[in-house]
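Side-chain atoms are counted along with the backbone in the values below, which use heavy atoms only and exclude waters and symmetry mates. Chain identifiers are assigned alphabetically (A, B, ...) following the order of the sequence lines, protein sequences preceding nucleic acid strands; residue numbering begins at 1 within each chain.
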Protein chains: 2
Amino acid sequence: MPATLREVAERAGVSVRTVSNVVNDFPQVAPETRARVQRALDELGYQPNAVARTLRRGRSGLIALVLPELDVPYFAELTRAVIEQAAAAGYTVVVDQTDGDPVRERELVMRGNRAAMFDGLIFNPLALGGADLRDRPSSTPVVLLGERVVQGGLDHIMIDNVGAAEVATRHLVELGRRRIAAIGDQSDESRRTGRLRTEGYQAALNAAGLEPLPELIRPTTYFHRADGAAAMADLLALPDPPDAVFCYNDLLALGALRTILSHGLRVPEDIALVGFDDIEDGRYSTPSLTTISPNKTQIAQHAVELLLRRLDGDTSPPAELPADYELIVRESTTGKH
Amino acid sequence: MPATLREVAERAGVSVRTVSNVVNDFPQVAPETRARVQRALDELGYQPNAVARTLRRGRSGLIALVLPELDVPYFAELTRAVIEQAAAAGYTVVVDQTDGDPVRERELVMRGNRAAMFDGLIFNPLALGGADLRDRPSSTPVVLLGERVVQGGLDHIMIDNVGAAEVATRHLVELGRRRIAAIGDQSDESRRTGRLRTEGYQAALNAAGLEPLPELIRPTTYFHRADGAAAMADLLALPDPPDAVFCYNDLLALGALRTILSHGLRVPEDIALVGFDDIEDGRYSTPSLTTISPNKTQIAQHAVELLLRRLDGDTSPPAELPADYELIVRESTTGKH
DNA sequence: CGCGGGGCTTGCAACGTTGCAAGTGGTGCT
DNA sequence: AGCACCACTTGCAACGTTGCAAGCCCCGCG
């Protein structure tokens, strides 16, 4: 139903090629011709066919952002940042959600530019590791986010998880807390985030001369509110409950907070709480959440820049870019102010 | 770099067409030929070119979900539901975010299937109204979500906002509250949600013999936590503050909750709170949030079904499908249990 | 031995666009 | 008058795929 170049050409009495020249603003078109063609374009409501254009040009102007879960605020907020960065460069971002399903992740990433119509991929894997990604048949550029992959031979952006976890834990130590628990450890080989943060947590305890106690390190399957709530209930059931908890993300912390408050305990007086991610929810909870804030804008910016450079043909060796983070102190550790 | 049908054909010593037949599992291929071609396919790691395929077939298998904001939990949760429904039908969903910017909305929706490469659109407009959408040049099917559009001549799914708001307000009335405020009214002609919910709110008050007081109806620019927090601060500054608040979405309610608690007041003892959307955050706040829960799965299901029917050539008149909702009573109105 | 038919394979064209290089007609210069 | 050149326009081919219909070969039957 929509008009094609040929139909416009017939109406304007010129060749298809000339219409194309007008559409693409080529300079070498006589003003009069241009006007006539433009009129025909308008009358027919011509819109270029993006699929044909992409086939011909080899570029779609689309980059895909592949994330485990969109209803996790951290990813939703990151998405906004990526969209903004990409828009500035004239690219449109489409988002896809994998649920951390290895099958879906593989599908999306391995197929690459042929099966999909994206010029590049920004991918935060949950299930897929370095080995899986090493020999992609596709040549679509990919930038990885997150901790999952170590040496996949792909561009990669991550924050220093060990360092950040250490900062968070040290903050609790400096407040005088001694029984500091951790929620979010993951024994699962494929989930690296939890292990790295546990490492930082333990390092901080050791540096303070505190001994990491196994019963205070609670593993969780996911990083959702429900997991935090359940883990916190376990901690409260201990004979000697903790006086502080470092949660490996803000959702865990919010779940834990809910459990603590519903047990009639106070935060931070009885138990201090630190989260990770700095999602908006944590700024509006009561008490508001002390947290590690990864620089999401910077992550997005690096990711898009790196990807666009690859699209421009840059073949330098894969980069491993660190992103900044900072500790944001709020009520859940220092109380009202 | 990736292999094409022709390269595979040369390697296998058959025609391009035969390779295509194998790739598409056509029955009329001799087993031996099929095996030989398959080997060549595997050796070259062939992946069909989705762009070429789409151009030829006229279908991409992609539907776009166009939303105002992804970092608003309601939309993130809705997205999950849409993705699930579409996946069941073999479609892939890509998500795009407009920020409610009329320019971006128009771009995405008016251009339709030519500028983009999507078979259909599920669109929740914020800025664009019926008039804007009526004469789209494109023939891509569109299903609208939300309250914004009334008679755009397009398929449309929404819940009964007036009725839902009435139910929420009546719940507060039945708890014995008398000074019931509302947060989220919008005078802006283009934002219809707020006006509809105010209508239901007033209807419930009238039915209970209570007079709606202008100073208890607080408009907000957006539906974010910050707006709720600010509006609640205004309400608390009144000489005679409310004893209950109906917030037009859960984020507003969470912002309001934060303000109430930080003023040393209790929920629900001093002020009862009802939200709208039933986002996960509200289940884990303290107190948990009483809210109107729109059936998101049903909305997604209707949207995808309707869209797919249009893609199959259904030309029946535009449908206006209602979606269910229910009041979920939690602690913010009835206290701990 | 010739012919019809079935199983399998193929060539051609087209989806709508753009790169390339050639083509057209007119103008100005010698 | 002839030629070169310029401004502008055009045809051809190709991106990689698939629908269509024709083609090939071999088998079995008369």
Going by side chain to side chain contact (heavy atoms under 4.5 Å, CB included), name the residues that satisfy it together with [X], two or more places apart in sequence or in a different chain.
{"X": "Thr79(B)", "answer": "Leu70(A), Leu65(B), Leu67(B), Leu70(B), Ile83(B), Val95(B)"}
{"X": "Ala319(A)", "answer": "Asp155(A), Leu306(A)"}
{"X": "Leu126(B)", "answer": "Pro68(B), Glu105(B), Arg191(B)"}
{"X": "Ala81(A)", "answer": "Ala300(A)"}

Would you state whether a donor and an acceptor, one from the side chain of Arg56(A) and one from the base of dT18(C), lie under 3.5 Å apart?
->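 In this structure, the two groups form a donor-acceptor pair.
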In degrees rounded to 10°, what angle is found between the helical axes fit to the five outermost pairs at each end of the helix from dC1(C)-dG30(D) to dT30(C)-dA1(D)?
->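 Helix axis angle between the two ends: 70°.
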Taking all non-hydrogen atoms of both residues, which atom of Phe26(B) and which atom of Arg34(B) are closest, and how far apart?
->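 The answer is O-NH2, 2.5 Å.
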Expected string for nucleotides 5-12 of chain D under the B/S/- scheme (protein heavy atoms, under 4.0 Å, primed atoms plus P, OP1, OP2 as sugar-phosphate) is ---BBBB-
Name the residue closer to the 5' end of DNA chain D, choosing between Ala52(B) and Phe26(B) according to the nucleotide with the nearest heavy atom.
->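 The residue whose closest nucleotide sits nearer the 5' end is Ala52(B).
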Distance below 4.0 Å between Ser20(A) side-chain N/O and dT18(C) OP1 or OP2 |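 Answer is yes, contact under 4.0 Å.
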Within 6.0 angstrom of Tyr74(A) OH, more than 12 heavy atoms from elsewhere |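 Atom OH in Tyr74(A) is crowded, with more than 12 foreign heavy atoms closer than 6.0 Å.
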Please tell me which of the listed nucleotides, dT17(C), dT18(C), dT18(D), lies nearest to the side chain of Arg57(A)?
->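 Looking only at heavy atoms from C-beta outward on Arg57(A), the closest nucleotide is dT18(C).
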Under 3.5 Å: donor-acceptor pair, side chain of Arg59(A), backbone of Leu311(A) |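 Such a contact is found between Arg59(A) side chain and Leu311(A) backbone.
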